[in-house]
**Q** 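The structure that follows is given in the form of structure tokens.
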Amino acid sequence: TFSMLPTQPPAPGRDRDSGHWETFLEGLRFIRGHRIVLGAISLDMFAVLFGGATALMPIIAEEVLHAGPLGLGLLRSAPAVGALLMSFWLARHPLTRRVGHILFGSVAVFSFTTIGFGLSPHLGLSLVLLALQWNGALAASFVGTFLADNLAIAFRAVVAASTLLSLLISWRYVERAGTPVGEYASILLAATLGAMLLCGSTDLVSIFVSLETLSVASYLLSGYMKRDARSSEAALKYLLVGSAAAAVFLYGASLLYGLTGGSTGLDAVALALQSSASPVAALALVFVLATVAFKIAAVPFHYWTPDAYQGSPTPITGYLSVGPKVGAFVLAIKVFLVALAPLASMWIPMVVALAAATMTLGNLVALTQTNVKRMLAYSSIAHTGYLMVGLVAAGAGQGAGIAGMLFYAAAYAFMNLGAFVVVIVVAEATGSESILDYRGLARRHPIAAVTFAIFLFSLTGLPPFAGFAGKWY
């Protein structure tokens with residue numbers, strides 16, 4: 001409807017700001033010109049309609065939302081609707097028009113729908129609701145394939161926070177590049193949806209669907225700057241290798257499905273492996289481990305990472321280094337610590353070897369890079385090795401392993417996204433991504449230099465920064 005609105009100026013003799021109808025049309029034209037606002041409003045409307053539809057179907061409401069969602073959906077959308085109306089009113093007057101537009105943009109940023117079950121339609125408010133769900137009553141959703149336990153809640157909070165930060169740092173960049181902002185936000189939200197579903201999935205089918213939702217959106221983000229040959233090349237490499245990894249995971253999942261005698265639940269897989277471990281189970285373990293190693297960019301499945309990071313737009317690179325990686329480690333926790341827990345004596349030595357190789361190669365190769373994005377890509381590979389240590393500790397029976405992974409993932413998300421913010425600033429000022437252009441940064445941009453140093457010190461693991469606490473923990 002918004003795309004079909006007329007954009008002609010008002011008739012001669014008519015004041016643009018006179019009357020409510022002209023103000024309403026001006027607001028609609030503003031929405032049409034800012035696709036990110038249009039996408040946010042559309043997603044909010046979908047959330048409310050989805051809540052109303054489920055309220056009319058008690059079985060689905062009880063299974064998915066466990067509450068009457070129509071009133072909850074309206075309550076969630078009320079602040080956004082009020083702020084939108086206020087921004088329309090402010091935009092009527094010349095003195096407050098700028099304030100109205102700023103308010104409009106602020107509502108757009110926090111109005112992205114993330115997920116319909118138990119989360120707010122706004123990324124900012126979703127963090128608050130996630131905190132309120134902590135230690136809540138456990139009840140499976142989506143026909144028993146999703147469980148919002150404390151582990152899922154914590155990692156979903158990390159995903160939501162990283163998405164919100166990615167949107168804030170990338171909005172201006174995408175607009176300056178001349179590419180549509182609304183489509184970018186929609187694809188980023190699709191990746192967030194996949195990651196959040198992955199955090200609570202308890203079934204091989206739901207894991208694969210959510211994993212591919214995250215992966216396909218990541219492929220699209222990598223090649224979003226389609227006029228840039230490097231971005232298209234990065235997306236093609238990412239797509240080809242990622243598709244092969246998805247096929248390998250499906251093959252391993254089919255073997256596990258056969259071992260259970262017809263069940264795809266993670267608990268059923270673990271029960272079947274306890275009763276009858278076989279060479280087929282070992283083969284399935286290898287396939288699943290290869291897929292997880294690719295998704296987290298562990299050595300030797302890391303070759304796609306530097307090219308994809310360098311070719312992708314810088315804000316998207318920052319998100320790809322955090323969002324998909326967090327989702328992949330949740331996949332590792334779900335698969336290895338639940339489904340493949342009876343085979344811990346087999347996969348723990350494999351993961352130890354991969355972690356040692358990943359930490360060593362990632363750090364050594366990062367020292368030889370001349371492009372700052374490739375350097376951060378290999379740094380991301382090294383941090384994958386650190387997180388794998390927590391997975392090994394959890395598999396060996398140490399409860400602090402998962403807590404350490406969660407803390408390190410949260411700290412890594414903030415310090416890595418912060419580093420990419422400085423990379424964006426320097427790239428806009430110099431037009432280059434070479435490390436040599438960072439010489440004299442303290443003299444030209446002292447605040448950016450100090451900020452970048454803090455983030456790099458934290459990534460390195462120097463005290464007293466969060467990176468050191470994560471490695472120590």
**Q** Could you tell me whether Phe452 and Tyr438 have their ring centroids closer than 6.0 angstrom?
**A** yes
**Q** Which pair of non-hydrogen atoms, one from Ala298 and one from Met388, has the smallest distance, and what is that distance?
**A**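 Looking at all heavy atoms of both residues, the closest pair is CB-SD, 3.9 Å.
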**Q** If the plane angle is over 60° it's perpendicular, under 30° parallel, otherwise tilted; pick one for Trp304 and Tyr309.
**A**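 Trp304 vs Tyr309 ring planes: perpendicular.
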**Q** For residues Thr145 and Ser206, report the shortest heavy-atom separation together with the two atoms involved.
**A** O-OG, 3.5 Å
**Q** Under a 3.5 Å distance rule, please check whether Tyr224 uses its side chain to pair with a backbone N or O of Tyr184 as donor and acceptor.
**A**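 Yes, Tyr224 side chain to Tyr184 backbone: donor-acceptor pair under 3.5 Å.
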**Q** Do the side chain of Arg374 and the main chain of Asn371 share a donor and acceptor less than 3.5 angstrom apart?
**A**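 Looks like no, no N/O pair under 3.5 Å.
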**Q** Just by distance, do the side chain of Arg444 and the backbone of Arg439 share a donor-acceptor pair under 3.5 Å?
**A** yes
**Q** Report yes or no: does Thr360 contribute a side-chain atom to a donor-acceptor pair with the main-chain N or O of Ala357 at less than 3.5 Å?
**A** no
**Q** Hey, what's the ring geometry for His383 with Tyr386, parallel, tilted or perpendicular (30° and 60° as the breaks)?
**A**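 Perpendicular: the ring planes of His383 and Tyr386 meet at over 60°.
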**Q** I want to know whether Phe294 and His302 have ring centres closer than 6.0 Å.
**A** no
**Q** Does the side chain of Ile207 come within less than 4.5 Å of Phe249's, by heavy atoms?
**A** yes
**Q** Please check if the side chain of Asn416 supplies one atom and the backbone of Tyr412 the other of a donor-acceptor pair under 3.5 Å.
**A**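 Checked: no pair found.
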**Q** Show the nearest heavy-atom pair for residues Met415 and Ser458, with the distance to one decimal.
**A** SD-OG, 2.9 Å
**Q** Grab the two heavy atoms, one from Ile296 and one from Thr384, that are nearest each other, plus how far apart they are.
**A**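 Shortest heavy-atom separation between Ile296 and Thr384 comes out as O-OG1, 2.8 Å.
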**Q** Is it the case that the side chain of Thr430 and the backbone of Val426 share a donor-acceptor pair, with hydrogens and angles ignored and the cut-off at 3.5 Å?
**A** yes
**Q** Measure the acute angle between the ring planes of Phe336 and Trp347, then classify it against the limits of 30° and 60° as parallel, tilted or perpendicular.
**A**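 Phe336 vs Trp347 ring planes: tilted.
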**Q** Search all heavy atoms of Phe414 against all heavy atoms of Ala161 and return the closest pair with its distance.
**A** CZ-CB, 4.4 Å
**Q** Determine whether more than 12 heavy atoms belonging to other residues, nucleotides or ligands lie under 6.0 Å from atom CZ of Phe457.
**A** no
**Q** Looking at Ser432 and Ser434, would you say the former's side chain and the latter's main chain have a donor-acceptor pair under 3.5 Å?
**A**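 Flag set: sc Ser432 to bb Ser434 pair under 3.5 Å.
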**Q** Does Thr213 reach the main-chain N or O of Gly194 with its side chain, forming a donor-acceptor pair under 3.5 Å?
**A** no
